[in-house]
Amino acid sequence: MKTVLGCVRKADTDFEMIAPGDRIAVGISGGKDSLLLLHALALYRRFSGKDFTLQAITLKMGLEPFDVSPIAALCEQLDVPYTVIETQIAQVIFDIRKESNPCALCAKMRRGALNDAAKDLGCNKVALGHHRDDAIETLLMSLLFEGRLHTFHPNTYLSRKDITVIRPMIYVPEKHVKHMTKVLELPVVKNPCPADGHSKREEIKELIRTLSKTYPNLKDYMTSALRNTDQYGLWDKKLVGGPRPNEYITDNNK
C-alpha cells in the first residue's frame, strides 16, 4: 500500500489536487480501481496534513444483480459516508435508445449523474479511479479513433458544474492495482453491464500488451511523454480546468 500512497502523494503534489477544506466525492462503481482509490484516500487523509473529508457515491444503473452491501461495509470500516443513487441509465441506453455502441453515451450520462449527486451532497470535488494505464490507453484511443493526441487531465475543473474532477491514482500502474486488490481483499462487485469486456478499450489494452512484449519500457515512456510539458503539454499544470475528459473513458469499473 506504501507504493499506492506514494503515487497518490506525488499526483497530489504535481497537480495540486487536494486542498484543506475540500469535500471529495469518491465515485464507487464496485470495481477494483474505485475501491482501491477509496481505501487510499481514507488512509491519505490521516497523514497528508490536509483537513479534507470524503463522501462515497455509487450510481446504480438499473442493472441486476448488483449488491452494494459489501461496498457499504467497506465504507463503514473506513469511516466514510456512503450514498447510493438509483438511475435508469441502463434503460435509456439499452431499451429506449438501443445503442449498438453504448459505452461513450453511458460514460457521459454516468459522469453527469455523479457530478450532480456530488453537488447535491455538498462536495466540491469528485475523485475517479483512473490509473496510469487508463491514461495511456485513452491517449492511444484518441490517436487511433479521433486523429488527435489527447487524454484526460489529472485535475479538471468543470465550469458548467462548478466542480473539479481529480484522479489521484494517475501514477499507479494497473498491475499494482490488481495486486493490492487481492492483498487488501477488497469487495469487488461484478459489473452487470452486458457490454463489459467488449469495448474499444479492451482492444487497445490487448494492443498495448502485445507492444509491451517487444518494448518492455513502453508504458514508462508514454507516461513520460504525457508529463513532457515542454513538447506536448498534455499534463501541463497550466491546463488544469482545461479540456474535459475524453469520451472514450468508458470503463465502468473506475
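Bear in mind that the values here come from a model prediction, so they are computed numbers and not experimental data.
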What are the two closest non-hydrogen atoms of Arg23 and Leu121, and how far apart are they? NE-O, 3.1 Å
Lys/Arg-Asp/Glu bridge criterion (N-O < 4.0 Å) met for Asp134, Arg167: no
List for me each residue that meets ring pair (Phe, Tyr, Trp, His ring centres under 6.0 Å) alongside Phe52, sequence neighbours excluded, and say none if there are none. none
Looking at every non-hydrogen atom in both residues, tell me the closest pair between Thr223 and Arg132 and how far apart they are. OG1-CD, 3.2 Å
If the plane angle is over 60° it's perpendicular, under 30° parallel, otherwise tilted; pick one for His176 and His179. tilted
Could you go step by step and tell me if Ile208 and Met222 meet the side chain to side chain contact (heavy atoms under 4.5 Å, CB included) rule? CA-CA 11 Å; Ile208 292 175; Met222 291 187 71; 5.5 Å; no
Can you tell whether the side chains of Arg201 and Asp133 come within less than 4.0 Å, N to carboxylate O? no
Run the numbers on Asp79 and Arg45 for side chain to side chain contact (heavy atoms under 4.5 Å, CB included), then give the verdict. CA-CA 12 Å; Asp79 193 24; Arg45 67 181 172 178; 3.9 Å; yes
Of the non-hydrogen atoms in Ile85 and Thr83, which two are nearest, and what is the gap between them? CD1-CG2, 3.7 Å
Kindly give the heavy-atom pair with the smallest separation between Ile170 and Ala11, and that separation in Å. CG2-CB, 3.9 Å
Least distance between heavy atoms, Val80 atom then Ala56 atom: CG1-N, 3.7 Å
Considering all heavy atoms, the nearest Lys119-Asp162 contact: NZ-O, 3.2 Å
On the 0 to 90° scale, with breaks at 30° and 60°, tag the His130-Phe152 ring pair as parallel, tilted or perpendicular. tilted
Got a sec: does the OH of Tyr221 have more than 12 other heavy atoms crowding it under 6.0 Å? no
Give the ring-plane orientation class for Phe15 versus Tyr171, where under 30° counts as parallel, over 60° as perpendicular and anything between as tilted. tilted
Which residues share a salt bridge (charged side-chain N to carboxylate O under 4.0 Å, His left out) with Glu206, sequence neighbours left out: Arg209
Please indicate whether Lys175 has more than 12 foreign heavy atoms, meaning atoms of other residues, nucleotides or ligands, lying under 6.0 Å from its NZ. no
Check the surroundings of atom CG in Asp51: do more than 12 heavy atoms from other residues, nucleotides or ligands lie under 6.0 Å from it? no
Is a side-chain N or O of Ser142 found less than 3.5 angstrom from the main chain of Arg148, in a donor-acceptor match? yes
